[in-house]
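Reading through the structure tokens given below for one structure.
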There are 2 protein chains.
Amino acid sequence: MRVGELSKRSGVPVATIKYYLREGLLPAGVLTSPNQAHYDDEHLRRLRLVRALVDVGGLSIASVRDVLVAVDTRDDSLHNKLGTVQEAITQPGSAELDPLAVKDVQEFFARQGATDCVDVTESHVTHMLATALSAARSVGHDDFRNLLDPYLEGLKIIARADLEYITRHGSPDDIIEGMVVGTLIGDAVLKAVRRLAHGQVSREVFGQRPPD
Amino acid sequence: MRVGELSKRSGVPVATIKYYLREGLLPAGVLTSPNQAHYDDEHLRRLRLVRALVDVGGLSIASVRDVLVAVDTRDDSLHNKLGTVQEAITQPGSAELDPLAVKDVQEFFARQGATDCVDVTESHVTHMLATALSAARSVGHDDFRNLLDPYLEGLKIIARADLEYITRHGSPDDIIEGMVVGTLIGDAVLKAVRRLAHGQVSREVFGQRPPD
DNA sequence: GCTATCGGAAAGGTACACTATCCATATGCG
DNA sequence: CGCATATGGATAGTGTACCTTTCCGATAGC
């Protein structure tokens, strides 16, 4: 197909597709003449992945590129690849780390027997966790960190489901793409379902009674 | 204090504070003369809340304003207030809803006995859920929706911890602010901890020591 | 032959979140 | 008092991100 049909089938404007091609988010089509190119279903699939990452995952164009590079790299262990992808799909966050929050994270790791797993200062994920705990402190919720353990308890159930889902979708190369999709779309789903759960809880607790 | 000290104590530049004042994110200080105003600890607290919503929650300035209006509204039930706040802290997402995804959401609600709770087409949260499921479909993960139930199972544990946290922090007016902080910072924490869990699981499965 | 579309490059546009400048006061210190 | 500095308020400007628009000469397809 040519770019017009790619646009029609994906819902992405032609100008935007050209922009993604320029930015390296989409591989170039096969040139059949100096100014005609041919795109296939892989391009369509990749384009839809890009839109999912941008729209649902909220990733920047630069992050999407990082993710796709990791997805496309073949000569790497799955574990390393997941690490690369996780860094790419986690927004860095520029602020300095609060030492108190770093200590919270380290204590959490120690409690969970994962001390050797990650260096707090080196990973976007732990940086994000420390930043969030620091923000909680700054608005007067010093003991928000006490929620880490129950959160992990619930997330173990969720991570188990994630793993099972991923391994069931064990097409040879799709597994990393499945991780990306599952992680980012999973984030959005978790966010939404958690809010629904809050709503139901709030209905039970604050529902009919008028406030004093 | 005057704006300079407010800036020093919060780490937010004076120009940015002025911008927030213009945008109604921060109430004006008490004027002691035509061009001198006085700010107190409430301003500092509010300013830190704004930064937490922007930095950790990733909210736009407009969304922050919506949240603060809801937080400051006094004559409303807590349940309604939570609803307003939830709408404000959940990005709308402009796309059309995919009927298949809407059906997934409705079936999920029916399974969980929450049919009367929310109108799928009317709430940002359900819109977000349907959008996420639709995106999953579009990249070839039609059965991602099967994860909804295990996700809810894990989130019940988490929501219970959230509720207990909120009610323990039951200062009369702070409860809504606690909900906002707990929800948004909680989102970030959940995201991070889930990635850590994935990393550990990946280490077990794909790392150097497979469990079996 | 004629019109629509193409690939490719470059310039333009829009939205957002600040940031800088200006100015007529006010403050605080010596 | 004198004077550098800071202030409130208004207006204009900046930087980044993500597209759009416009142009071009070259096909494609009827």
Side-chain angles (χ1 to χ4, degrees), chain A residues 1-40 43-44 47 49-68 88-89 91-95, chain B residues 1-40 43-44 47-68 88 91-95:
Chain A
M1 75 190 93
R2 292 186 301 167
V3 78
E5 191 181 346
L6 189 60
S7 168
K8 243 172 255 165
R9 288 225 255 160
S10 64
V12 179
V14 172
T16 306
I17 294 176
K18 286 184 175 186
Y19 168 66
Y20 288 165
L21 286 166
R22 272 200 308 282
E23 295 296 316
L25 268 51
L26 215 52
V30 182
L31 283 174
T32 60
S33 51
N35 66 340
Q36 293 292 306
H38 170 259
Y39 304 92
D40 58 18
H43 288 94
L44 180 58
L47 184 52
L49 177 60
V50 168
R51 292 312 295 203
L53 298 184
V54 169
D55 292 341
V56 179
L59 296 193
S60 68
I61 298 301
S63 299
V64 171
R65 191 173 28 229
D66 293 346
V67 170
L68 296 178
I89 64 183
Q91 244 69 326
S94 52
Chain B
M1 77 188 93
R2 292 185 300 167
V3 77
E5 191 180 347
L6 188 60
S7 167
K8 243 171 257 167
R9 286 226 256 162
S10 62
V12 178
V14 172
T16 305
I17 294 174
K18 286 184 174 185
Y19 168 65
Y20 289 165
L21 286 165
R22 275 200 306 283
E23 294 296 317
L25 268 52
L26 215 51
V30 182
L31 283 173
T32 59
S33 50
N35 68 339
Q36 292 293 303
H38 170 257
Y39 304 91
D40 58 18
H43 288 94
L44 180 58
L47 184 51
R48 289 210 252 246
L49 176 61
V50 169
R51 292 312 297 203
L53 298 184
V54 169
D55 292 342
V56 180
L59 295 193
S60 67
I61 298 302
S63 298
V64 170
R65 189 171 32 229
D66 293 345
V67 170
L68 295 178
Q91 245 68 326
S94 51

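Reminder, nothing fancy here: chain letters follow the sequence lines and each chain counts from 1.
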Is there side-chain contact between [X] and [Y], with heavy atoms separated by less than 4.5 Å?
X     : Y     : value
B:L21 : B:Y39 : yes
A:Q91 : A:L59 : yes
A:I17 : A:V3  : yes
A:Y19 : A:I61 : yes
B:L49 : B:L68 : yes

Got a donor-acceptor contact below 3.5 angstrom from the [X] side chain to the [Y] backbone?
X     : Y     : answer
B:H38 : B:M1  : yes
A:S7  : A:V12 : yes
B:S10 : B:L6  : yes
B:H43 : B:P27 : yes

Inset, instruction - If a pair satisfies salt bridge (charged side-chain N to carboxylate O under 4.0 Å, His left out) and one of its residues is in residues 49-61 of chain A, list it, with sequence neighbours excluded. - result: A:R51-A:D55
Inset, instruction - Among residues two or more places apart or on two chains, list those pairs meeting salt bridge (charged side-chain N to carboxylate O under 4.0 Å, His left out) that have a residue in residues 13-27 of chain B. - result: B:E23-B:R65
Inset, instruction - Look at all strands and tell whether B:A37 reaches a base, only sugar-phosphate, or nothing, counting heavy atoms closer than 4.0 Å. - result: sugar-phosphate
Inset, instruction - Using a heavy-atom cut-off of under 4.0 Å over every strand shown, decide if B:L21 touches base, sugar-phosphate, or nothing. - result: nothing
Distance, rounded to the nearest Å, where [X] contributes [atom1] and [N] contributes [atom2]:
X     : N      : atom1 : atom2 : answer
B:E23 : D:dG9  : CD    : P     : 15 Å
A:I17 : D:dT21 : CD1   : P     : 14 Å
B:K18 : D:dT7  : NZ    : P     : 8 Å
B:Y19 : D:dG13 : OH    : P     : 18 Å
B:H38 : D:dA6  : NE2   : C1'   : 16 Å
B:R22 : D:dA12 : CZ    : C1'   : 10 Å

Inset, instruction - Output the residues of residues 56-64 of chain A in contact with DNA chain D, where contact means a heavy atom of the residue under 4.0 Å from an atom of the strand; sort by number or write none. - result: A:S60, A:I61
Legend entry - Outermost DNA chain C nucleotides near chain B [under 4.0 Å, heavy atoms]: C:dA17 to C:dT27
Inset, instruction - Can you see which heavy atom on B:V67 is nearest to which on B:A88, and at what distance? - result: CG2-CB, 3.6 Å
Legend entry - Euclidean distance, A:R2 CZ relative to A:T32 OG1, rounded to 0.5 Å: 8.5 Å
Legend entry - Separation between CG of B:L53 and CG of B:D66, rounded to the nearest 0.5 Å: 11.5 Å
Legend entry - Which residue lies more 5' along DNA chain D, comparing A:A15 with B:G4 via nearest heavy atoms: B:G4
Inset, instruction - Treat primed atoms plus P, OP1 and OP2 as sugar-phosphate and everything else as base, then score nucleotides 25-30 of chain D 5' to 3': B for base contact with protein heavy atoms under 4.0 Å, S for sugar-phosphate contact only, - for none. - result: BBSS--
Inset, instruction - Work out how much the helix from C:dG1-D:dC30 to C:dG30-D:dC1 bends between its end axes, five pairs an end, to the nearest 10 degrees. - result: 10°
